[in-house]
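Numbering of residues begins at 1 and proceeds along the displayed sequence. Note that this is a predicted model, so its numbers are computed, not measured.
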Amino acid sequence: MHVPILTEEILEHLCLKPGNVVCDATLGGGGHAKEILRKITPQGRLIGIDQDREAIDRTKLNLKEFDGHYDLIEANFRQIDHVLKELKIDSIDAILFDLGISSDQILSETRGFSFQWDSPLDMRMDLKSPLTAADLINDTPEEDLANIFWQYGEERGSRRIAKVIVEERHKKRISTCLELSQLIEKKFGRRGRIHPATKVFQALRIVVNDELGAVEEALPKAIQLLKPHGRIAVLTFHSLEDRIVKRMFKEKHRVGEIKIINKKVIKPSREEVLSNSKSRSAKLRVAEKPVLSE
């Protein structure tokens, strides 16, 4: 079951009121969306975006009590401007980006996000996309593969891991998550609780879904769509995403397009981390669109 992270802090910093129009650009399991709807209904409206059709279908059931107060759209959040235009919405009061992968996706035995399952090496959030993790693992030249693991997984052993993978795929195609994870674990062992394939899987997922490119493209569009005094909250889970958000917020703050609300990044409380270990790496950054005369 997906447990939303930093929910109270997000609701507090978005300053939601009844009647607000809010976009949850990363719908996921709908946990944040449900709490947002509690704040903005009955007059308010939520626009939920997710590229995963299965996530939208699950969330419809989760939000049944709020039928009539939301629109759920299957799209990548980099298309946020087109989504709102189609809905004839010019501007909104608040936007949330939760850039973490949904627990429902990780726990799925068929989607290929987890090294726990003997499932196809897929990792596509949008199942209509042509590129899979298996394509990357089996068809990418060794040097490029090592660069992917280093750049997107910050994996120090990137070159050694790439070499082992290329040697293995010469024998047979690597087609499942378990094959890949066991290959890495067998060759490099395990230290502590973190599986040695963790960063490799992160890197593959980021590249398959062009996650960093989507963030780079979506944030300026989202800021443009905010009403004066409207707020944007971005929840990240690894340093690559957080660097993009931090840099872009600083740039937009410097030219007066936004005002950074929390100079110090917001992190989960000790109690939340203890109750939900997946929250331990979460960082929340919030900004507000100023009135033009300010």
Side-chain angles (χ1 to χ4, degrees), residues 25-26 28 50-52 76-78 97-103 105-106 108 111-116 119-127 129-166 168-169 174-185 187-188 190-191 194-220 234-249 265 278 280-283 285:
T26 46
D50 205 294
Q51 60 185 323
D52 186 343
N76 188 298
F77 60 65
R78 71 200 313 160
F97 289 87
D98 174 356
L99 301 179
I101 183 171
S102 166
S103 297
Q105 290 172 328
I106 293 173
S108 170
R111 299 296 297 275
F113 286 103
S114 173
F115 39 73
Q116 298 179 54
S119 57
L121 198 51
D122 194 316
M123 299 194 192
R124 291 173 299 168
M125 292 181 182
D126 179 355
L127 291 173
S129 297
L131 182 69
T132 69
D135 296 330
L136 279 178
I137 283 294
N138 290 285
D139 303 332
T140 306
E142 182 177 328
E143 185 176 350
D144 294 342
L145 203 56
N147 289 337
I148 286 172
F149 299 155
W150 170 251
Q151 185 176 351
Y152 299 104
E154 299 177 298
E155 172 55 66
R156 292 181 181 178
S158 58
R159 297 199 179 283
R160 291 184 299 134
I161 292 173
K163 186 174 187 296
V164 165
I165 287 171
V166 170
E168 181 68 19
R169 77 189 192 192
I174 301 169
S175 57
T176 73
C177 296
L178 204 58
E179 285 176 349
L180 179 58
S181 64
Q182 286 181 345
L183 172 65
I184 295 171
E185 186 175 17
K187 290 290 184 179
F188 302 102
R190 186 192 285 238
R191 296 177 185 174
I194 299 176
H195 196 285
T198 299
K199 292 182 177 181
V200 168
F201 272 64
Q202 173 187 298
L204 292 171
R205 193 198 78 225
I206 287 172
V207 173
V208 165
N209 297 288
D210 189 25
E211 292 179 26
L212 302 186
V215 175
E216 290 268 15
E217 186 177 338
L219 288 183
V234 186
L235 188 60
T236 64
F237 290 85
H238 58 74
S239 59
L240 298 174
E241 293 169 338
D242 188 57
R243 279 182 216 137
I244 293 172
V245 180
K246 184 179 180 180
R247 171 181 53 77
M248 195 169 292
F249 273 19
V265 71
K278 291 183 176 63
R280 65 183 179 275
S281 59
K283 292 181 179 179
R285 297 185 185 275

Give a yes or no on whether the backbone of [Y] and the side-chain of [X] come within a donor-acceptor separation of less than 3.5 Å.
X	Y	answer
Asp122	Thr132	no
Asp98	Thr26	no
Ser281	Phe237	yes
Asn209	Glu211	no
Arg124	Ser129	yes

More than 12 non-hydrogen atoms from neighbouring residues, nucleotides or ligands closer than 6.0 Å to [atom1] on [X], yes or no?
X	atom1	result
Glu185	CD	yes
Arg190	CZ	yes
Arg280	CZ	no

Would you indicate whether the side-chain heavy atoms of [Y] and [X] approach each other to under 4.5 Å?
X	Y	answer
Ile165	Leu180	yes
Asp210	Arg78	yes
Val234	Leu99	yes
His238	Ile206	yes
Lys283	Leu235	no
Glu154	Leu240	yes

Taking distance alone, no hydrogens or angles, what donor-acceptor pairs closer than 3.5 Å link side-chain atoms of residues 197-204 to residues at least two apart or in another chain?
{"unit_1": "Thr198", "atom_1": "OG1", "unit_2": "His195", "atom_2": "O", "d": "2.8"}
{"unit_1": "Gln202", "atom_1": "NE2", "unit_2": "Tyr152", "atom_2": "O", "d": "2.9"}

Would you compute the distance between atom [atom1] of [X] and atom [atom2] of [Y] and round it to the nearest 0.5 angstrom?
X	Y	atom1	atom2	answer
Leu121	Leu178	CG	CG	11.0 Å
Glu143	Ile148	CD	CD1	11.5 Å
Leu136	Ile174	CG	CD1	12.0 Å
Gln182	Thr176	CD	OG1	7.5 Å
Met123	Ile137	CE	CD1	7.5 Å

### Query
Does any pair with a residue in residues 157-166 pass side-chain hydrogen bond (donor to acceptor under 3.5 Å, both in side chains), and if so which ones, sequence neighbours excluded?
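Listed by first then second residue: Lys163-Glu167.
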Contact summary for [X] and [Y], nearest pair of heavy atoms:
X	Y	value
Asn76	Ala214	OD1-CB, 3.8 Å
Thr140	Asp144	CG2-CB, 3.5 Å
Met248	Leu219	SD-CB, 3.3 Å

### Message
Just by distance, no angles: are the side chains of Asp242 and Ser239 close enough, under 3.5 Å, to form a donor-acceptor pair?
### Response
no
### Query
When you check the gap from the basic side-chain N to the acidic O, do Arg169 and Glu179 get nearer than 4.0 Å?
no
